[in-house]
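Throughout, protein chains are lettered first and strands after them, A, B, ... in sequence-line order, and every chain is numbered starting at 1. Side-chain atoms are counted along with the backbone in the values below, which use heavy atoms only and exclude waters and symmetry mates.
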Amino acid sequence: VRTDELIENLSGDLAPVAQATLARRLAAGLLMGMAVSFLVMWLWLGIRPDLVQAMATMGYWMKFAYTLAFTVLAFLLVERLMRPGVSARRQIWLSLVPFALLAILAAMRLGLTPDSARMALVLGHSHLVCPWNIVALSVPVFIAVFWSVRAFAPTRLVLAGAAAGLLAGAAGAFVYAFHCDESAMPFVAIWYTLGIVGVGALGGAVGGWVLRW
Amino acid sequence: LIAEEAELRALMLAGLAGDAAAYRALLSLLGIHLRAYFRRRLGHDAADAEDLVQESLMAMHARRATYDASQPLTAWVHAIARYKLIDHLRRRKLRRTLPLDDAAAVFSGDDAEAASARHDIDRLLAALPPKPRALIEAVKIEGLSMAEAGARNAMSETAVKVSVHRGLKALAAKIRGEDRADG
């Protein structure tokens, strides 16, 4: 094909493109993945039976806020990394804010706790399964987000893959919080974050070849 | 680069809104810039450079939703061109280090070529008498019609046609003469 013929073809059947197209497609993938993930959580682990009572406690909303803020900021980071030629530095720093805040609060909480009770706040009763459950619940979101992202143009593939993984991990953690009945900040800061970062690492590992275009 | 940016960005925004003519003009301009960029980076591999031009244009078309209207278009084009170039070198297993460059690298090279072509034309035209020179510039470079050029110089359309024709003939003779002198 000659280049001027190609240009004719490309401009021949031109559909208008809205500015929000990218965010919309990414949001569609994310929400679809989260819906599947929620269904899996419901059928496999079950929603915690005391959900209604828990909603009156700080511990519940802390988990809710942490995972939701992480998801939203990771979404903004991914959206940015899909655009060639723009800097994502601000979005990278912003996406670290929820963890930094929670880590500070968790450290303060531990400092105010007598030695004998500290381990219970850190380990809870489910630290061995928590990160793995988050990884498992992230799988549908991971697939859906990577499907969305394939239509975009990331130029730093490993970074973009890691960000997409963090997004899937945070969304998986958000869903997992409907099952998990842990409420200590140190527990969430450590084990939730570990699960999320694990999915992020997975995303970075596959980004280099899955996201090529 | 700044004037270029404003022009290309306007075309891109019109293209995103569905204006096919503006979009075609944009792709043609980008094609020229990209061709010069890839040729400079790949040396004499003109066929590969042309493949990369086409691949980049197709990628830009398919992924045009990734352009953020609040950001420079030249940076977007450069990032895609550079990505395609690196991908090409990796696929061909050519481990070559690319110089760090920025958007100016895509939007500078052919300016030099265009400028030197412009210089050649000016030099040839300078050898013509003032009247046919002004007419040729008006008709062939500014793009006026014969009638418009005539009105500007208080001449009939027929007189303009004759003058332009003679002027071009003289130019052609000069070019042939120069080629012979070069050879």
Checklist entry - Out of Thr21(A), Leu10(A), Leu6(A), which one racks up the most heavy-atom pairs below 4.5 Å with chain B? => result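 Ranked by heavy-atom pairs under 4.5 Å with chain B, first place is Leu10(A).
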Checklist entry - Which of the residues Val86(A), Val17(A), Leu157(A) is involved in the greatest number of heavy-atom pairs with chain B at under 4.5 angstrom? => result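 Of the options given, most contacts go to Val17(A).
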Might you confirm whether atom [atom1] of [X] has over 12 heavy atoms from other residues, nucleotides or ligands at distances under 6.0 Å?
| X | atom1 | result |
| --- | --- | --- |
| His127(A) | NE2 | yes |
| Ile2(B) | CD1 | no |
| Trp61(A) | CH2 | yes |
| Trp44(A) | CH2 | yes |
| Arg48(A) | CZ | yes |

Checklist entry - What distance separates Ile7(A) CD1 from Leu26(B) CG, expressed to the nearest 0.5 Å? => result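 One finds 9.0 Å between CD1 of Ile7(A) and CG of Leu26(B).
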Measure [X] against the heavy atoms of chain A and call it side chain, backbone, both or neither at under 4.5 Å.
| X | result |
| --- | --- |
| Asp19(B) | backbone |
| Arg35(B) | side chain |
| Ala20(B) | both |

Checklist entry - What parts of residues 59-79 of chain B touch chain A if we use heavy atoms and a cut-off under 4.5 Å? => result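 Ala59(B), His61(B), Arg63(B), Arg64(B), Ala65(B), Thr66(B), Tyr67(B), Asp68(B), Ala69(B), Gln71(B), Ala75(B), Trp76(B), Ala79(B), listed by number.
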Next on the checklist: Applying a heavy-atom distance below 4.5 Å, give me the residues of residues 9-16 of chain B that approach chain A, sorted by number.
Outcome noted: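 Residues Gly15(B), Leu16(B) are the ones that qualify, each having a heavy atom under 4.5 Å from chain A.
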Contact origin within [X] toward chain B - heavy atom pairs under 4.5 Å:
| X | value |
| --- | --- |
| Arg24(A) | neither |
| Thr155(A) | both |
| Ala151(A) | backbone |

Using residues 205-213 of chain A as the side-chain source, report each donor-acceptor pair under 3.5 Å to any protein atom, sequence neighbours left out, with the distance given to one decimal.
residue   : atom : partner   : partner atom : Å
Arg212(A) : NE   : Asp87(B)  : OD1          : 3.2
Arg212(A) : NH2  : Asp87(B)  : OD1          : 3.0
Trp213(A) : NE1  : Pro154(A) : O            : 2.7

Checklist entry - Heavy atoms under 4.5 Å from chain B: which residues of residues 91-99 of chain A carry them? => result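 Within residues 91-99 of chain A, no residue comes under 4.5 Å of chain B, counting heavy atoms only.
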